[in-house]
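In each ligand, atom 1 is the first atom listed, and ligand 1 is the first ligand listed.
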Amino acid sequence: MGSRRQFLKTTALGLGGLSVGFSALAYITDFSGLKEATGDMKINLTRTPTYCEICFWKCAGWVYKREDGSIWKITGNDEDQHSNGRFCPRGTGGVGIYNDTDRLKTPLIRIGERGEHKFREASWEEALDLIAEKMKSIASDYGPESVALMNHGSGGKYFGDLLKAYGSTNIAAPSYAQCRGPREVAFINTFGEAIESPERTDIRDTKCLVLIGSHIGENMHNGQVQEMSDAIDKGAAIITVDPRFSVAASKSKYWLPIKPATDLALLLSWINVLTTENWIDKDYVEKNTYGYDLLKAHVSSMTPEWAYGITGIQPDVIRKTAKEMFNVSPAVIIHPGRHVTWYGDDTQRLRAVAILNALLGSWGRRGGFYNPSTSVLPSYPHPPFPTPKTTWRDAFPGQFHLADESVSSKICDATIPAELRDFSFKAWLVYGTNLIMTFPDQAKTIEAIKHLDLMVAIDTMPMEITSWADVVLPECTYLERYDSIRVSPHRKPSIALRMPAFEPKDNTKSAYWMARELASRLGLLEFFPFEKLEDYLDWQLRQMGSSLEEMQKIGVKTFEREADDLYFTPGEQHEFSTPTGKIELYSTAFADEGFDPVPVYTPHPEPPSGFYRLNYGRAPMHTFSRTSNNPNLNDLMDENSLWVNPKVAKEWGLTHNQPVWLQNQDGKKSNFSIKVRITERIRWDSVYMVHGFGHATKQLSRTYGKGVSDTELITNVMTDPIMGGTGMRGNFVTFLTEKPEEALS
Ligand SMILES: Nc1nc2c(c(=O)[nH]1)N[C@H]1C(S)=C(S)[C@@H](COP(=O)(O)OP(=O)(O)OC[C@H]3O[C@@H](n4cnc5c(=O)[nH]c(N)nc54)[C@H](O)[C@@H]3O)O[C@H]1N2
Ligand SMILES: Nc1nc2c(c(=O)[nH]1)N[C@H]1C(S)=C(S)[C@@H](COP(=O)(O)OP(=O)(O)OC[C@H]3O[C@@H](n4cnc5c(=O)[nH]c(N)nc54)[C@H](O)[C@@H]3O)O[C@H]1N2
Ligand code: SF4
Ligand SMILES: [Mo]
């Protein structure tokens, strides 16, 4: 590679100094270029397209650089449906991940005990040779199926291709079993289709948005926040069901401060009200659904009065909110949520959400759920992938048949040898997921890792997960690499390009390069016919009537839909991809598998005396555990706090900002302390913290020891029997006002 300047010239591709004028009034949330931005002046900038990797909304945007090659700002691409030209604070601060001096700089090979974070630096040759040799011997000793890929993020695709070529389909992401899995299974078994990401919710045009926990506004998925704000401006009613007074609750017409873990009772009582009062879309229900009479009979005793005793929500509020939804139907959304692995009966709770939407006729209707469209990327011909002899499912005979993706936490379970199982996993490739902070029950994750013959972590940062790896492969950040073309579903099909704005820092490489180098060592190069990813992208783009050159200039290309089918045609009887071809209010697949075909409420344990339910969520300026060390975002928020109700604080004599340690129902104590925030916004039976803090990796110089990790206190996991998701909200904590002996700081 030539000089930095030459590199910029080639990557900016003839855009050659785009002139941008700025006025003093420009709204700018950038962290580096305020001087240029505040004057009424012209500066020469070059820009390269990207899509953001700070979270999985994948907004497409531009990386603007000054003439000297330094970054000016990252902002949205106006053509992009995910961002509408604006980035959220995390995306804008994305440059911090590039500048972070704590970044991984070169491959590492473990020299200490696993978890000690003692490594020696290695060359790429040595690190990749070691991995390939180990993968060969594992394949011959135990079969390639004993290798699993845990991944979250763009480059995971290439390790996925590598693994499939090698002979394993055990490829899992925490965004399923720790996140949205239950909702996908619930909607597939009701409407025959999943919700997907970005969600197909037509929030822009809705007249009533019901949020069950989903804390949009703190959950900063960009387009969704923008659409919710537009909907509010246009007079939509927001109904928020949340035990905490969330930002969304503060924008709502109704806030239902539900007793935690009782949502299913509320949902069933809403179904009771709609079916008894006949507040349903009769024509739609008649034409399109299966099992209405069974459903109606099932919920007949689940009145608002019944639900009041369970949820604490007044019967007249339940009736009024049901009427509010019906009045504007079908332009109503009972939002399916996203992180829905709460109490282990999550698929059933989401089935109730799906059923409510069906009764109100919102699926396939304007202001309800639209029918998304996705661009299809051609793939270059390669030999067929070998058929594996076993998959993770063989470790769980008779279970989780309805899971439509691999279950990461079950692969973790099946890594710990068990007497009744003749198979266990021997190696994990871990791409872009900090499993120690991401899986509940840390002790189990660590036990599983200890049983592995090989653990490779591919990451950009030294994290808890890299501490446990045998080999650490440092990836360059999303600002320094090409990745696959983004084809996420939306109202219109579109494609977006990510290309490098900078040369990779230090000795870092892209996932594509790593996967191909490993493929070459494993004799699988025919599965990676293009030496350079950009050549493959160009080939794909040309099949679609575009080119790399065009995409480098425009970043995003949106196509027209092939058919006018964003919504159902009025009055049409639709064919659904379910066993009955109808919307299944009564799920035939659940019945076949021995699960309740219509959801049934069962109570969950309550906190023992002196303990409070551990509730957690998002902060607008951070993403999980990945951004807490990012210098820009760390500046905005550098630790989490513990929300405590004033009544509880008084009982315990806690004061605002007092540091406390926490201990859970199983005696697990927090590594660090967390500052108390006394607020009426949390119920007296719960405490709340933002997920992603309390890092115990010293190499994270900015964030080490700041705040508490919710994950270390989540030792009770309630597994969803239908799809294997990990319910994480049944954990209870108490306060320790003195520093415990085993605490780390
Ligand atoms: N800023 C930011 N935004 C993000 C992310 C991020 O890391 N940072 N991550 C993204 C991802 S991957 C996901 S999955 C989403 C997650 O975002 P959501 O899907 O919105 O999150 P949840 O964890 O389901 O919801 C958290 C809310 O549920 C409430 N809650 C807790 N217990 C209960 C209960 O028993 N009943 C009810 N009704 N409510 C309850 C909490 O008080 C909290 O307000 O956010 C996305 N957006
Ligand atoms: N306790 C608890 N657990 C949870 C949640 C919670 O709220 N509380 N939320 C759940 C949800 S909804 C989800 S979706 C999952 C998310 O789980 P994860 O995706 O595992 O989230 P992070 O903890 O941010 O870990 C991301 C890792 O990827 C690395 N990384 C970032 N960018 C790149 C890149 O470009 N390349 C590579 N190779 N690595 C990169 C980061 O350094 C970090 O180590 O967590 C789930 N687990
Ligand atoms: S929502 Fe924010 S962090 Fe997520 S992709 Fe968009 S800009 Fe990036
Ligand atoms: Mo998630």
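Considering only non-hydrogen atoms, atom 37 (C) of ligand 2 lies nearest to E475 out of E475, E712, R103. For the residues S625, S628, G94, the heavy atom positioned nearest atom 22 (P) of ligand 2 is part of S625. Nearest to atom 9 (N) of ligand 2 by heavy atom, out of M689, H695, R618, is R618. Checking F624, Y431, F56 against atom 14 (S) of ligand 2, the nearest heavy atom belongs to F624.
Annotation for ligand 2: atoms under 4.0 Å from non-hydrogen atoms of R481 are 34 (C), 35 (O), 36 (N). The S214 neighbourhood of ligand 1 comprises atoms 20 (O), with distances under 4.0 Å to a heavy atom of that residue. Less than 4.0 angstrom separates some heavy atom of D263 from each of these atoms of ligand 1: 34 (C), 35 (O), 36 (N), 37 (C), 38 (N). Which parts of ligand 2 touch I714 is read off a 4.0 Å heavy-atom cut-off, strictly below it: atoms 1 (N). The contact set between ligand 1 and A619, taken as ligand atoms under 4.0 Å from a residue heavy atom, comprises 1 (N), 2 (C), 8 (N). The atoms of ligand 2 that sit less than 4.0 Å from any heavy atom of M437 are 3 (N). Each of the following atoms of ligand 2 lies closer than 4.0 Å to a heavy atom of C179: 12 (S), 14 (S). Residue contact check: P260 has heavy atoms under 4.0 Å from atoms 35 (O) of ligand 1. For ligand 3, the atoms sitting less than 4.0 Å from at least one non-hydrogen atom of I54 are 3 (S), numbered in the order shown with element in parentheses.
Residue G337 has no nitrogen or oxygen atom sitting less than 3.5 Å from a nitrogen or oxygen atom of ligand 1, judged on distance alone. In terms of polar-atom proximity, I458 is counted as a contact of ligand 2, with an N or O under 3.5 Å from an N or O of the ligand. In terms of polar-atom proximity, E53 is not counted as a contact of ligand 2, lacking any N or O under 3.5 Å from an N or O of the ligand. By the 3.5 Å distance cut-off applied to N or O atoms, A261 is counted among the residues near ligand 1. Looking at ligand 2, you won't find any N or O of Y478 less than 3.5 Å from one of its N or O atoms.
At the top of the distance list for atom 8 (N) of ligand 1, counting protein heavy atoms only, stands H622 O, 2.6 Å. Scanning the protein for heavy atoms near atom 47 (N) of ligand 2, the closest one is T438 O, 2.9 Å. For atom 45 (O) of ligand 1, the nearest non-hydrogen atom of the protein is N219 CG, 3.3 Å. When only non-hydrogen protein atoms are considered, atom 33 (C) of ligand 2 lies nearest to T460 CG2, 3.8 Å. For atom 10 (C) of ligand 1, the nearest non-hydrogen atom of the protein is H221 NE2, 3.3 Å. Ranking protein heavy atoms by distance to atom 44 (O) of ligand 2, first place goes to D459 OD2, 2.6 Å. Among protein heavy atoms, the minimum distance from atom 39 (N) of ligand 1 is reached at P243 CD, 3.2 Å. G213 O, 3.3 Å is the protein heavy atom nearest to atom 28 (O) of ligand 1. In this structure, the protein non-hydrogen atom closest to atom 24 (O) of ligand 1 is H339 O, 2.5 Å.
Although no hydrogens or angles enter the test, the distance criterion places a donor-acceptor pair under 3.5 Å between the side chain of E464 and the main chain of A696.
C59 lies apart from atom 2 (Fe) of ligand 3 in this respect, since none of its N, O or S atoms is found at a distance under 2.8 Å. Among the atoms of C55, no N, O or S atom is found under 2.8 Å from atom 8 (Fe) of ligand 3.
Shown here for V430 and T433, the closest heavy-atom pair between the two residues is CG1-O, 3.3 Å.
The proximity of Q178 to ligand 2, defined as any non-hydrogen pair under 4.0 Å, involves the side chain as well as the backbone.
Remark: D100 engages R702 in a salt bridge, criterion side-chain N to carboxylate O under 4.0 Å. The pair R338-E199 counts as a salt bridge, with a side-chain nitrogen and a carboxylate oxygen less than 4.0 angstrom apart. Between E606 and R613 there is no salt bridge, since no side-chain nitrogen of the basic residue lies less than 4.0 Å from a carboxylate oxygen of the acidic one.
The closest approach between a heavy atom of V241 and any atom of ligand 1 is below 4.0 Å.
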